[in-house]
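Just so you know, these numbers use all the heavy atoms, side chains as well, and skip hydrogens, waters and symmetry mates. Residue numbers start from 1 in every chain, and the chains themselves are labelled A, B, ... in the order their sequence lines are given, proteins ahead of strands.
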Amino acid sequence: MVEDIIDEIIQSRLKKRSRIFKSKEILHPDYIPETLPHRENEIRKLAEIIVVALRGERPSNVLIYGLTGTGKTAVAKYVTKKIAEKASMLNAKFLYAYVNTRKTDTTYRVLASIARTTGLRIPPTGIAISEVYRRYIQALDKWGGLHVVVLDEIDYYVRKGGDDLLYKLVRINEDLEKARVAIIGITNDINFVENLDPRVKSSLGEEEIVFPPYNAEQLRDILKQRAEKAFVEGVISDDVIAYCAGLAAREHGDARRALDLLRIAGEIAEREGASKITVEHVKKASIELELGRIYQAVTTLPLHAKLVLRAVIDLVKKKGSGTTGEVYSWYVKTAENYGYEPLTQRRISEILTELDMIGLINAVVVSRGRYGKTKIVKIPAEMIEVLDSAVSI
DNA sequence: CTTCCACCGGAAGTACCGGTAA
DNA sequence: TTACCGGTACTTCCGGTGGAAG
């Protein structure tokens with residue numbers, strides 16, 4: 001009986017507290033620890049820029065560069081939070097907004113999310129962007145303090161939606177009487193700034209901070225510090241932590257990945273009823289993480305993107321790689337087999353680019369001279385079987 | 001040096017959906 | 001209710017283009 005199964009799970013989980021985890025949240029990607037090892041310099045730089053807010057001045061806008069998992073988000077949240085706490089002690093009017101523009105990826109939603117941090121109620125849809133902007137300005141001036149806006153992963157947003165909003169935000173102070181806005185932009189891609197409107201570029205980059213990647217040793221410190229609080233004593237050894245750090249260091253020192261690895265390894269150990277986390281658990285975690293990412297990506301794909309992926313898988317299995325034109329004719333057959341009206345080639349070309357960006361396939365535009373310009377589509381060998389089983393239409 | 005293939009990818013527009021505001 | 005808003009998924013049209021072949 002289903003109820004029995006569920007009862008049993010609840011029973012066993014509630015009865016004996018985890019033998020592995022003391023406090024799992026500490027390994028969660030959104031958790032901000034009390035200290036951020038090896039980011040002291042970056043914290044100091046950012047704090048020195050923002051702290052003038054406590055004297056009632058507008059801080060410079062800041063651009064933060066660095067690869068994924070180098071602590072950019074954590075440092076930005078940490079500093080803004082600390083200064084907000086100080087500000088409320090000193091009765092300074094200070095608020096901050098944090099928006100991840102990859103998750104919140106349209107102009108309306110970004111602006112609405114920023115505006116809401118001032119206490120405004122903005123509906124999820126239905127009103128004009130200019131109206132949201134108007135209300136935001138009005139609310140700010142009524143309040144009259146300093147609003148620090150953190151825009152995370154802006155490179156994704158700009159690539160998708162352009163720099164209109166950035167342009168507007170950067171010049172928002174001209175529309176304000178009493179209140180002031182400062183922007184902290186965070187980007188993984190150093191080159192993205194080059195494509196920005198020059199006015200946005202100079203204004204946003206008043207100050208710049210670069211976050212270097214962590215090396216294996218630094219990752220080890222970070223993991224060690226978190227593991228102490230997250231795991232029950234004696235569950236994880238320094239060797240296993242070092243192994244995790246090593247894996248992540250190979251991936252350009254991505255601390256978030258290292259923490260994910262540690263957390264999943266712990267979960268696997270717990271599921272298996274082990275009393276210690278071993279290197280084997282970490283290896284399994286690494287696979288599970290990648291598998292999860294792929295399944296997640298594939299299942300949320302729109303119908304025709306799945307059909308295209310299906311066609312690409314079949315084509316690659318047969319020939320190793322293919323051009324846009326080849327993929328298209330395979331896709332037309334696939335679609336018809338499933339009883340769907342095929343879309344145009346223009347659209348399929350776009351879907352191929354989208355699939356490439358998600359990281360499910362490789363699609364590179366190449367010119368083959370006399371034989372035209374096209375995208376060459378491939379799938380990494382180790383991914384093909386996984387994808388094959390993940391795509392269901 | 002020119003030609004010309006097989007597409008690329010921007011622009012503008014359509015249809016639909018779920019939502020708000022008055 | 002009606003007019004309007006933004007997001008998503010798509011179409012139509014079309015000027016461009018890298019580089020092997022001639």
**OP:** Mind checking salt bridge (charged side-chain N to carboxylate O under 4.0 Å, His left out) for A/E57 and listing every partner two or more places apart, or none if nothing turns up?
**Re:** A/R55
**OP:** Nearest whole angstrom, please: distance from the P of B/dG18 to the OH of A/Y108.
**Re:** 17 Å
Subject >> Contacts of type salt bridge (charged side-chain N to carboxylate O under 4.0 Å, His left out), residue A/E34, not counting sequence neighbours >> reply: A/K82
**OP:** Could I get the full list of side-chain hydrogen bond (donor to acceptor under 3.5 Å, both in side chains) partners for A/R257, not counting sequence neighbours?
**Re:** none
Which atoms of nucleotides 20-22 of chain B (N or O only) lie under 3.5 Å from a protein N or O atom, and what are those distances?
from, atom 1, to, atom 2, distance (Å)
B/dT20, O4', A/T125, O, 3.4

Original post:
Which parts of residues 296-327 of chain A get close to DNA chain B, meaning a heavy atom less than 4.0 angstrom away?
Top reply: A/T323, A/T324, A/G325
Original post:
Just how far, in rounded Å, is P of B/dG9 from CE of A/M357?
Top reply: 11 Å
Original post:
Which pairs count as ring-ring contact (aromatic ring centres under 6.0 Å, His included) when at least one residue sits in residues 215-251 of chain A, sequence neighbours excluded?
Top reply: A/F21-A/F231
Subject >> Check ion pair A/R102-A/D152 (N to O, under 4.0 angstrom) >> reply: no
Original post:
Can you tell me how far P of B/dC8 sits from CD of A/E354, to the nearest Å?
Top reply: 13 Å
**OP:** Measure from CD1 on A/I129 to P on B/dG19 and round the result to the nearest Å.
**Re:** 18 Å
Original post:
Considering residues at least two apart in sequence or located in another chain, which fulfil the side-chain hydrogen bond (donor to acceptor under 3.5 Å, both in side chains) criterion with A/E85?
Top reply: none
**OP:** Please identify each residue that fulfils ring pair (Phe, Tyr, Trp, His ring centres under 6.0 Å) with A/Y214, with sequence neighbours left out.
**Re:** none
**OP:** Specify the separation, in whole Å, of atom CD1 of A/I348 and atom P of C/dC10.
**Re:** 8 Å
**OP:** Tell me, please, which residues at least two apart from A/R199 pass salt bridge (charged side-chain N to carboxylate O under 4.0 Å, His left out).
**Re:** A/D197
Original post:
If the sugar-phosphate is the primed atoms plus P, OP1 and OP2 and the base is the rest, what is the B/S/- string for nucleotides 12-22 of chain C, using protein heavy atoms under 4.0 Å?
Top reply: BB---BBBBS-
**OP:** Output yes when A/D260 and A/R263 qualify as a salt bridge under the 4.0 Å nitrogen-oxygen rule, no when they do not.
**Re:** yes
**OP:** Find the distance A/Y328:OH to C/dC10:C1' and express it as a whole number of Å.
**Re:** 12 Å
**OP:** Using a heavy-atom cut-off of under 4.0 Å over every strand shown, decide if A/Q345 touches base, sugar-phosphate, or nothing.
**Re:** sugar-phosphate
Original post:
Can you list every ring-ring contact (aromatic ring centres under 6.0 Å, His included) pair that touches residues 117-155 of chain A, not counting sequence neighbours?
Top reply: A/Y136-A/H147
Subject >> Rounded distance (Å) that lies between atom P of B/dG9 and atom CD1 of A/I351 >> reply: 15 Å
Subject >> Nucleotide nearest A/R109 (side chain, heavy atoms from C-beta), chosen from C/dC10, C/dG7, B/dG9 >> reply: C/dG7
Original post:
Tell me: CG of A/L352 to P of B/dC8, nearest whole Å?
Top reply: 8 Å
Original post:
Among pairs that include at least one residue of residues 84-118 of chain A, which meet ring-ring contact (aromatic ring centres under 6.0 Å, His included), considering only residues two or more places apart or in two chains?
Top reply: none
